[in-house]
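These notes are about the structure you will find just below.
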Protein chains: 2
Amino acid sequence: MLHLSKKIEYGLIALRHIASEVNGCVVTAKEISDKYHISYELLAKVLQKLTREGIIISYQGVKGGYILARKPDQIKLSDVIYAIEGKSNISLMNCEAEKPEMCNIFSTCTIKYPLAKIQDIINNVFNDVTISEIV
Amino acid sequence: MLHLSKKIEYGLIALRHIASEVNGCVVTAKEISDKYHISYELLAKVLQKLTREGIIISYQGVKGGYILARKPDQIKLSDVIYAIEGKSNISLMNCEAEKPEMCNIFSTCTIKYPLAKIQDIINNVFNDVTISEIV
DNA sequence: ATAAATAGGACTAAAAAGGTCGTATATATA
DNA sequence: TATATATACGACCTTTTTAGTCCTATTTAT
């Protein structure tokens, strides 16, 4: 419970690895999956999502790979989480993220507003931490 | 992702309900499940766990039910979460909560210590909030 | 032309969460 | 003392979510 997904985990490990690469050399998905013993296909998809969201830049073809799109201290943890999981999938309760009709006790639920405050605190933590802090 | 479970949700709704009961009258699981339209059996189990952990007190038999074991401001959100889900099930990553051998990339994982710091911040939030704050 | 790389959809497997069922036990009261 | 009403709790099933795999297409340096 309250778990971040493996995708986030792999994304962070990858970003940390790319960020620590000297001279901004490109890094391939294979290199990362081999080094950290994680599923190549899954990691590849995560990197594709990070690319789509402009967090990293990809180069296709031979000698291709990935580099960071901006400096580590410009990449917030929340950027990474939102890129990989989608902004609406990050919340303590379903009712905060989705439409009221998604929750069958929305009208009678008494705890959604108190929990929203806690949610804000957690969101702020993710907004305040950047990749530079996990290198 | 990062969701609290329905059990926690139901537990908090129930505690809020019991806490707002006048004169400390006992409240039955049925009353709560009817009022908030939640599964009776599931709620009953949650209340049983809260009882075992000494957060509420149960009375069996006719005219039985539940009352709070202590004042709302003495019941921390973390108490409730730990009682229902178990302390070791609350963490951003598996490796923090469980044995290193549970994580097949433990030795190579580069993000466990940075994430542990974020975990601490979140834990502190749950330690600081009490049931009195959600009534 | 070829080999090495990313892109991405479709699918399957595994794990976690949510929910149900059956039975036992306790107890107020008619 | 029989009964109805309540909690206690393990076993089980179903659904949802997460994790992982497979296949094919595209890009590009050599």
Side-chain angles (χ1 to χ4, degrees), chain A residues 1-11 14 18 25-34 37-53 56-67 81 84-86 88-94 97-98 102-105, chain B residues 1-11 14 18 25-34 37-53 55-67 69 81 84-86 88-94 97-98 102-105:
Chain A
M1 220 203 49
L2 216 71
H3 270 40
L4 290 171
S5 66
K6 290 276 180 199
K7 286 184 193 173
I8 300 290
E9 199 170 336
Y10 297 166
I18 298 169
C25 282
V26 298
V27 177
T28 68
K30 185 119 202 352
E31 279 169 45
I32 298 171
S33 70
D34 281 351
H37 310 108
I38 59 187
S39 157
Y40 167 76
E41 289 88 352
L42 198 50
L43 172 67
K45 282 193 183 177
V46 168
L47 293 172
Q48 283 159 27
K49 285 192 176 185
L50 293 175
T51 302
R52 267 179 257 158
E53 297 299 317
I56 55 181
I57 294 167
S58 72
Y59 297 99
Q60 291 192 29
V62 176
K63 304 227 170 179
Y66 300 93
I67 59 168
I81 292 174
I84 296 173
E85 297 290 345
S88 63
N89 288 322
I90 309 300
S91 65
L92 294 176
M93 300 289 164
N94 285 318
E98 296 167 277
M102 290 302 288
C103 177
N104 54 2
I105 61 165
Chain B
M1 220 201 50
L2 218 70
H3 270 39
L4 289 172
S5 66
K6 291 275 181 198
K7 286 184 194 172
I8 300 290
E9 198 170 336
Y10 297 165
I18 298 170
C25 281
V26 298
V27 177
T28 66
K30 184 120 203 348
E31 278 170 44
I32 298 171
S33 70
D34 281 352
H37 308 109
I38 59 187
S39 158
Y40 166 76
E41 288 88 354
L42 198 50
L43 173 66
K45 280 193 183 175
V46 168
L47 293 173
Q48 283 159 28
K49 285 190 175 186
L50 293 175
T51 302
R52 263 179 261 159
E53 297 300 316
I55 292 172
I56 56 180
I57 294 167
S58 72
Y59 295 99
Q60 291 192 29
V62 177
K63 302 228 171 177
Y66 300 93
I67 60 168
I81 293 174
I84 296 173
E85 298 290 345
S88 63
N89 288 322
I90 308 300
S91 66
L92 294 176
M93 301 291 166
N94 286 317
E98 297 166 277
M102 291 300 289
C103 178
N104 54 0
I105 60 165

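Throughout, protein chains are lettered first and strands after them, A, B, ... in sequence-line order, and every chain is numbered starting at 1.
Distance B:Q48 CD to D:dA11 C1': 14 Å, rounded to the nearest Å. One can place OH of A:Y66 at 5 Å from P of C:dT6, the figure rounded to the nearest angstrom. Put simply, CG on B:L42 is 14 Å from C1' on D:dC12, counting in whole angstrom units.
Among the protein residues, A:A44 comes within range of no part of the nucleic acid, since none of its heavy atoms lies under 4.0 Å from any strand. As judged by a 4.0 angstrom heavy-atom cut-off over every strand, A:K30 is placed among residues making no nucleic acid contact.
Judged by distance alone, with hydrogens and angles left aside, the side-chain atoms of A:K49 form a donor-acceptor pair with the main-chain N or O of A:I84 at under 3.5 Å.
At a threshold of 4.5 Å between non-hydrogen side-chain atoms, the residues B:E9 and B:I38 do not count as touching. Side-chain atoms of B:E85 and A:L2, non-hydrogen and from C-beta on, never get closer than 4.5 Å to each other. Side-chain contact between B:L4 and B:I81 is present, with heavy atoms from C-beta onward closer than 4.5 Å.
A close approach under 4.0 Å does not occur between any side-chain nitrogen or oxygen of A:S58 and OP1 or OP2 of C:dA5. Close to D:dT21, at under 4.0 Å from its OP1 or OP2, lies a side-chain N or O of A:S39. In this model, the phosphate group of C:dA17 is not approached by any side-chain N or O of B:Y10 to a distance below 4.0 Å at OP1 or OP2. Within the structure, a side-chain polar atom (N or O) of B:K63 is placed less than 4.0 Å from OP1 or OP2 of C:dT29.
The listed nucleotides are D:dA19, C:dT25, C:dT29; the one nearest the side chain of A:K6 is D:dA19.
One can find a donor-acceptor pair under 3.5 Å joining the base of C:dT20 and the side-chain atoms of B:K45.
Comparing B:V62 and B:R52, the nucleotide of DNA chain D nearest to each residue sits closer to the 5' end for B:V62. Comparing A:L2 and A:G61 by the nucleotide of DNA chain C whose heavy atom lies nearest to each, the residue mapping closer to the 5' end is A:G61.
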